[in-house]
Number of protein chains: 2
Amino acid sequence: MLSKKAQYAFRALSTLVRSDLALRKEQNGGVSTPGEHPVAISEMVKEHPMSSKFLETILLDLRRGGILGSKKGKGGGYYLLKHPEDTPLAQVIRILDGPIAPLPCVSLHFYERCVDCNEAVCGLNRLMSEVRDANLAVLERRTLADLAVKPGQPLGQSQR
Amino acid sequence: MLSKKAQYAFRALSTLVRSDLALRKEQNGGVSTPGEHPVAISEMVKEHPMSSKFLETILLDLRRGGILGSKKGKGGGYYLLKHPEDTPLAQVIRILDGPIAPLPCVSLHFYERCVDCNEAVCGLNRLMSEVRDANLAVLERRTLADLAVKPGQPLGQSQR
DNA sequence: TATTTCCCCATAGGATTTGTGGGGTTAAGA
DNA sequence: TCTTAACCCCACAAATCCTATGGGGAAATA
């Protein structure tokens with residue numbers, strides 16, 4: 001199960017994606033770039049009711065994780081560092097919830113050796129690797145861009 | 001991530017599966033049936049070091065969940081109620097860890113409505129449904145029988 | 001009757017998650 | 001230069017969940 005952190009992250013990110021898309025549309029007319037029009041926490045909370053303080057820690061994690069940039073001071077806020085299609089959901093989840101794999105011993109980014117588990121006899125590793133791969137097949141393919149697709153609209157097979 | 005409970009459960013179950021397979025082999029010679037040769041907690045702990053008391057609560061859950069039968073008194077213990085291929089891994093996980101879905105609002109067995117989430121705008125539900133389905137594709141197909149397959153041996157595409 | 005084993009309940013201890021508070025720094029604008 | 005708005009950082013409080021233990025009871029076997 002996703003943590004609240006990850007859920008809140010996705011909600012905030014969906015706001016940023018929409019803002020990003022709107023800006024890029026304008027930009028075709030040669031106007032602005034995302035870093036110049038960041039979205040403040042107060043804006044995001046207006047759209048998705050939650051604790052601003054808590055959201056703040058989440059957004060800081062996302063910034064440290066290389067997904068967001070930020071601008072301080074009046075008129076400041078957060079913005080996407082890359083095109084929405086270039087950030088897979090897996091990256092967000094890893095930053096906030098850690099491993100995607102169901103066991104540490106089959107994790108790609110957070111591997112830990114299995115204690116008390118005789119690997120020569122353990123039939124679980126392979127099965128859980130299958131589960132991990134099934135997850136990643138979705139989470140590495142789907143991106144922030146898919147977050148902005150509303151329930152009614154069709155979701156492409158591959159955005160990239 | 002799987003809880004310790006689920007991990008321990010799978011270890012204990014792998015012992016029961018092997019015991020079951022051995023008995024069925026004998027049974028072809030017309031000897032015994034699983035319920036008559038249960039495996040005691042003390043036996044399982046000998047093979048997989050862990051707290052007996054903790055394992056006890058786990059096995060009770062599995063019994064209540066319809067996966068195991070038990071026999072009291074001297075010579076008692078636990079045994080599989082069905083053929084190993086008839087118990088998908090998903091069933092074990094649901095008993096011990098609850099929902100497999102990444103969000104309550106996309107769970108099949110533990111559904112809960114999303115509060116604070118405007119479903120008309122929420123692009124996350126559909127994506128997480130995809131993740132859920134990817135998981136279930138593995139966890140409903142793989143069964144306890146696959147637990148007994150050692151790392152060296154080939155794992156079939158479908159056991160049933 | 002003694003022993004072994006499962007059964008049930010309560011709860012302790014620890015870890016993790018969730019959320020809050022306060023003080024600092026940076027930037028914009030009057 | 002002053003005020004205000006916003007991010008930044010750290011510490012910690014509160015709640016929840018996970019992990020594990022303890023003790024007494026009931027059933028089965030010999």
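Numbered from 1 within each chain, the chains take letters A, B, ... in sequence-line order. None of these values were measured; they are calculated from a predicted model.
Not a single donor-acceptor pair, N or O on each side, falls under 3.5 Å between the base of C:dC6 and the side chain of B:E56.
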N/O to N/O distances under 3.5 Å, protein versus nucleotides 17-20 of chain C:
| from | atom 1 | to | atom 2 | distance (Å) |
| --- | --- | --- | --- | --- |
| C:dT18 | OP1 | A:K4 | N | 3.2 |
| C:dT18 | OP2 | A:K4 | N | 3.4 |
| C:dT20 | OP2 | A:S51 | OG | 2.8 |

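Side-chain contact check for B:L108 versus B:L136: some heavy-atom pair is nearer than 4.5 Å. Side-chain contact between A:F10 and A:I93: present, with at least one pair of heavy atoms (C-beta onward) separated by less than 4.5 Å. Counting heavy atoms from C-beta outward, B:R113 and B:C105 have side chains that stay 4.5 Å or more apart.
Atom NZ in A:K74 sits roughly 8 Å away from atom P in D:dT4 (whole-Å rounding). Between A:H37 atom NE2 and D:dA5 atom C1' there is a gap of 17 Å when expressed in whole angstrom units. Distance, B:L16 CG to C:dC6 C1': 14 Å, rounded to whole Å. For B:I58 and C:dC7, the CD1 to P distance is 14 Å, given to the nearest whole Å. The interatomic distance linking A:E43 (CD) with D:dC7 (C1') rounds to 15 Å, in whole Å. Remark: P of D:dC9 and CG of A:L55 are 16 Å apart, rounded to the nearest angstrom.
Considering only residues two or more places apart in sequence or on other chains, A:D61 meets the side chain to side chain contact (heavy atoms under 4.5 Å, CB included) condition with A:K5, A:R64, A:I95, A:L96.
Put simply, the residue from A:I100, A:L144, A:T143 that forms a side chain to side chain contact (heavy atoms under 4.5 Å, CB included) with A:L89 is A:L144.
No side-chain donor from either of B:H37 and B:S19 sits under 3.5 Å from a side-chain acceptor of the other.
Listed pair B:R63 / C:dT5 fails the phosphate criterion, with no side-chain N or O lying under 4.0 Å from OP1 or OP2. A close approach under 4.0 Å does occur between a side-chain nitrogen or oxygen of B:Y78 and OP1 or OP2 of C:dC7. Distances shown here put every side-chain N or O of B:R64 at or beyond 4.0 Å from the OP1 or OP2 atom of C:dC7.
Residue-level contact check: A:G73 touches the bases, meaning some heavy atom is under 4.0 Å from a base atom. Within 4.0 Å (heavy atoms only), B:L59 reaches no atom of the nucleic acid at all.
Listed nucleotides: D:dA27, D:dA6, D:dC8. Nearest to the side chain of B:K72: D:dA27.
Using a 4.5 Å cut-off between side-chain heavy atoms of Ile, Leu, Val, Met, Phe, Trp and Tyr, with links allowed through other members, B:V149 and B:L16 fall into the same hydrophobic cluster.
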